[in-house]
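Take a look at the structure below.
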Amino acid sequence: MAETERRTATIAMPLRYRQGPGVIRELPDIVAGFGKSPRALLAATAGGLRRIEEHGFRLDDRRLRAELVEFGGECSEAEIERLKREAERAGADVVVGIGGGKLLDAAKSAAYRLNLPVVIVPTIAASDAPCSALSVIYDENGRVVKLETHPRNPDVVLVDTEIIVRAPIRYLAAGMGDALATAPEALACLRGGGRTILGAYPSRLGTAAAELCGRILAEDGVRAYRDAERGELTDAFERVVEANTLLSGIGFESGGLAAAHSLHDGLTELPECHGLLHGEKVGFCTAVQAVLLGEPDEAVRFLRFCREIRLPASLADIGLAAGPNGGGIRSRLLLAGERAIAPEETIHSVGRPFTAAEIADAFEETDRLARLVISPAERTEA
Ligand SMILES: [Zn+2]
């Protein structure tokens with residue numbers, strides 16, 4: 001391979017990222033910036049709309065020419081096409097997505113298929129979906145069908161931390177689970193000579209964003225979780241929201257993914273894991289990646305972190321409980337392992353091949369480590 005190709009990197013991030021308490025009130029002016037008296041299609045859930053209205057956003061704001069469409073709940077091909085038709089019917093100049101990851105992904109896909117700008121308003125900090133030029137498309141049964149990459153990242157990402165801090169705490173923890181994977185995956189991709197999902201090599205900025213994301217979680221993660229439990233909007237909380245949403249986004253897109261997200265995709269093959277959020281699986285899979293790469297001390301550190309913020313930290317926690325004779329799980333893990341090593345998966349950026357059996361072994365070994373490091377008292381408390 002030519003040296004120049006080796007050096008080719010792509011840095012992807014939103015054009016504008018704004019985070020802080022009360023920023024939702026800027027949304028009408030932001031929308032007004034997209035042309036002369038532009039029309040906006042607002043895609044939201046009823047709950048998402050209520051939450052932003054509680055914090056000062058008015059749908060009947062006279063600065064705003066907007067139509068509301070309620071999200072169907074799944075980021076599926078049918079739902080994206082429906083949003084796209086609604087945007088066309090409304091004559092929208094800009095699409096605004098208000099809510100969680102699946103809604104935001106669907107809004108991005110609908111907007112880019114119409115070549116429209118998109119404004120992203122996350123109401124939870126549960127994943128790094130808001131900033132990326134990527135949508136995860138599911139089928140109606142909740143299985144991942146494909147990743148759709150977009151030509152651009154969102155035009156504006158508006159993160160009102162007064163809204164985020166009032167969301168159920170489970171979402172913040174899931175966002176930290178997703179962000180926990182960012183640094184180890186970016187470093188594995190860099191060391192393995194792998195490419196990012198944009199087909200480029202890791203950029204210095206991407207790797208640095210991933211490392212900063214990991215440092216913030218280590219220093220502020222548990223404190224931010226406890227602050228948010230009490231509804232307190234603190235500096236630690238602000239830093240963790242930025243880590244979950246922006247730094248993790250830049251880290252994975254411009255720094256690279258590796259095994260943890262492929263292991264997660266493997267788990268989406270198992271219906272017993274479908275009740276979990278993306279980041280709840282990714283957090284545990286970060287520990288499994290560490291085992292797979294021969295770093296058990298790191299795996300223990302990740303498992304402890306997951307346990308402290310009440311993320312799943314064992315096979316039973318992710319829905320894989322052993323049958324009466326301890327049987328049944330191995331075949332499930334092999335099924336997940338087959339999916340995790342499929343050609344389109346990011347695990348290959350690690351730079352060495354894995355078998356489904358090695359992946360099943362790593363899941364089992366991670367579960368064994370979890371039993372060693374987590375006391376029975378902690379387990380019953382969780
Ligand atoms: Zn993720």
Side-chain angles (χ1 to χ4, degrees), residues 12-14 75 99-106 108-109 120 122 124-138 142-150 153-154 157 159 170-189 194 196-198 202 206 209-210 213-214 216-217 221 240-269 273-274 276-290 302 305-306 309 311-312 318 336 339-340 344-347 349-350:
M13 62 176 81
C75 182
K102 287 187 185 226
L103 180 147
L104 302 177
D105 275 6
K108 280 188 276 184
S109 282
I120 294 294
I124 53 178
S127 77
D128 49 25
C131 293
S132 75
L134 184 87
S135 297
V136 185
I137 317 266
Y138 292 80
R143 287 173 68 226
V144 174
V145 180
K146 63 168 181 174
L147 299 184
E148 185 170 79
T149 50
H150 306 304
N153 291 64
V157 177
V159 185
R170 179 185 178 189
Y171 292 122
L172 182 75
M176 286 197 255
D178 196 24
L180 188 64
T182 309
E185 284 195 278
L187 291 172
C189 183
T196 70
I197 50 169
L198 300 173
C213 178
I216 289 173
L217 289 189
V240 165
V241 170
E242 187 177 332
N244 285 9
T245 312
L246 178 67
L247 297 171
S248 179
I250 298 174
F252 97 80
E253 254 187 324
S254 306
L257 289 171
H261 270 78
S262 296
L263 299 168
H264 160 273
D265 292 349
L267 293 180
T268 69
E269 293 292 316
C273 302
H274 282 186
L276 295 171
L277 298 166
H278 171 83
E280 290 176 328
K281 285 169 277 182
V282 171
F284 182 67
C285 289
T286 306
V288 182
Q289 171 179 302
F302 298 142
F305 180 75
C306 287
I309 60 169
L311 280 173
I318 59 169
R339 167 62 194 266
E344 70 276 14
E345 285 294 336
T346 55
I347 196 168
S349 66
V350 168

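Numbering of ligands and ligand atoms starts at 1, following listing order. Because only heavy atoms are used, hydrogens play no part in the values below, and waters and symmetry mates are left out as well, while side chains stay in.
Using a 4.0 Å cut-off between a side-chain N of Lys or Arg and a carboxylate O of Asp or Glu, K146 and E344 do not qualify as a salt bridge.
Two residues are said to be in side-chain contact when any heavy atoms from C-beta on lie closer than 4.5 Å; E345 and L263 fail this criterion. For the pair C75 and L104, the minimum side-chain heavy-atom distance is 4.5 Å or more. You'll find the side chain of S132 reaches within 4.5 Å of the side chain of K108, heavy atoms only.
Distances shorter than 2.8 Å separate the Zn ion (ligand 1) from the protein N/O/S atoms D178 OD1, H261 NE2, H278 NE2.
With no hydrogens or angles considered, no side-chain donor-acceptor pair links K281 and T268 at under 3.5 Å.
Nearest heavy-atom pair, C189 versus G256, reported as atom, atom and distance to 0.1 Å: SG-CA, 3.9 Å.
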